[in-house]
Amino acid sequence: MNSEVRKRWPGLNVGDIVTRDGTDLHRVIGTNGTAEYAPDLIDVVCIKEPEGLLNEDGVTRDEPWTRLGEIESNLAARYTLVGDAVVHANLQGV
C-alpha cells in the first residue's frame with residue numbers, strides 16, 4: 001500500500017508488526033486493501049511465537065498455536081498493531 005492509501009486507510013499495512021494474543025508478533029506481508037477499500041484480510045508471518053494456552057493446572061502451557069516463520073491468512077480485525085517499543089522489548093529474548 002502506498003503512503004496516499006495509508007493516509008486514507010489507517011490500519012494494517014504491509015510491513016506492520018501485529019499481535020493476535022499479546023504474546024506473539026507477526027509481520028504483515030500482504031493485504032487485500034486497495035485505493036478504494038481498507039484491507040479486511042491480511043497475510044502474516046510469525047516472527048515471535050506466542051506462549052501456549054494456560055493448561056487447567058494453571059502452571060503449564062500448551063504448544064504455541066503458530067510457529068516461527070509460519071504464514072497464515074486471516075481477518076485483519078483479529079490483529080492489533082503494536083508499537084516499536086513493544087516489538088523491541090518482545091524480541092529481546094528471541
Side-chain angles (χ1 to χ4, degrees):
M1 227 181 240
N2 66 36
S3 60
E4 184 58 36
V5 172
R6 189 176 182 106
K7 287 178 197 170
R8 248 193 281 171
W9 302 118
L12 305 182
N13 295 283
V14 172
D16 286 344
I17 305 298
V18 295
T19 185
R20 186 161 164 191
D21 71 10
T23 67
D24 62 302
L25 291 176
H26 288 79
R27 181 180 314 280
V28 177
I29 58 172
T31 78
N32 70 341
T34 68
E36 293 82 28
Y37 300 101
D40 60 350
L41 298 173
I42 59 173
D43 297 325
V44 296
V45 61
C46 178
I47 60 173
K48 180 184 178 287
E49 292 181 5
E51 295 178 5
L53 296 175
L54 197 58
N55 291 321
E56 289 182 18
D57 64 12
V59 177
T60 60
R61 293 193 173 269
D62 209 359
E63 292 292 315
W65 52 267
T66 189
R67 295 292 185 181
L68 193 62
E70 188 175 326
I71 295 172
E72 74 171 11
S73 298
N74 215 324
L75 297 172
R78 291 188 174 168
Y79 292 85
T80 302
L81 186 64
V82 297
D84 291 340
V86 173
V87 172
H88 182 71
N90 276 299
L91 290 177
Q92 288 298 314
V94 175

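All figures in this text were calculated on a predicted structure; none of them were measured in a lab.
- If you take CG on L68 and CG on D24, they are separated by 12.0 Å, rounding to the nearest 0.5 Å.
- Residues L54 and T60 come closest through the heavy atom pair CD1-O, 3.5 Å.
- Residue L53 holds its CG atom at 8.0 Å from CZ of R61, rounded to the nearest 0.5 Å.
- In summary, the side chains of W65 and D21 do present a donor paired with an acceptor at a separation below 3.5 Å, with no hydrogens or angles considered.
- Distance check: E63 CD to E51 CD gives 13.0 Å after rounding to the nearest 0.5 Å.
- Note that CD of E56 and CG of D62 are 11.0 Å apart. Values are rounded to the nearest 0.5 Å.
- Panel note: side chain N32, backbone L41; a donor-acceptor pair is recorded below 3.5 Å.
- Across all non-hydrogen atoms, the minimal contact from L25 to V82 is CD2-CG2, 4.0 Å.
- Of all the heavy atoms in L12 and A76, the pair that sits closest is CD1-O, 3.5 Å.
- Summarising the geometry, atom OG1 belonging to T23 is positioned 6.0 Å from atom NZ belonging to K48; distances are rounded to the nearest 0.5 Å.
- Residues forming a side chain to side chain contact (heavy atoms under 4.5 Å, CB included) with E70 (at least two apart in sequence, or on another chain): T66, R67.
- A salt bridge links E72 and R20; the closest N-O separation between the charged side-chain nitrogens and carboxylate oxygens is under 4.0 Å.
- When all heavy atoms are compared, the tightest approach of P50 to P64 is O-CB, 3.3 Å.
- Every residue two or more places apart in sequence or in another chain that forms a side chain to side chain contact (heavy atoms under 4.5 Å, CB included) with R27 is listed here: I17, V45, I47.
- Of the candidates V18, I29, T31, V44 forms a side chain to side chain contact (heavy atoms under 4.5 Å, CB included) with just one, namely V18.
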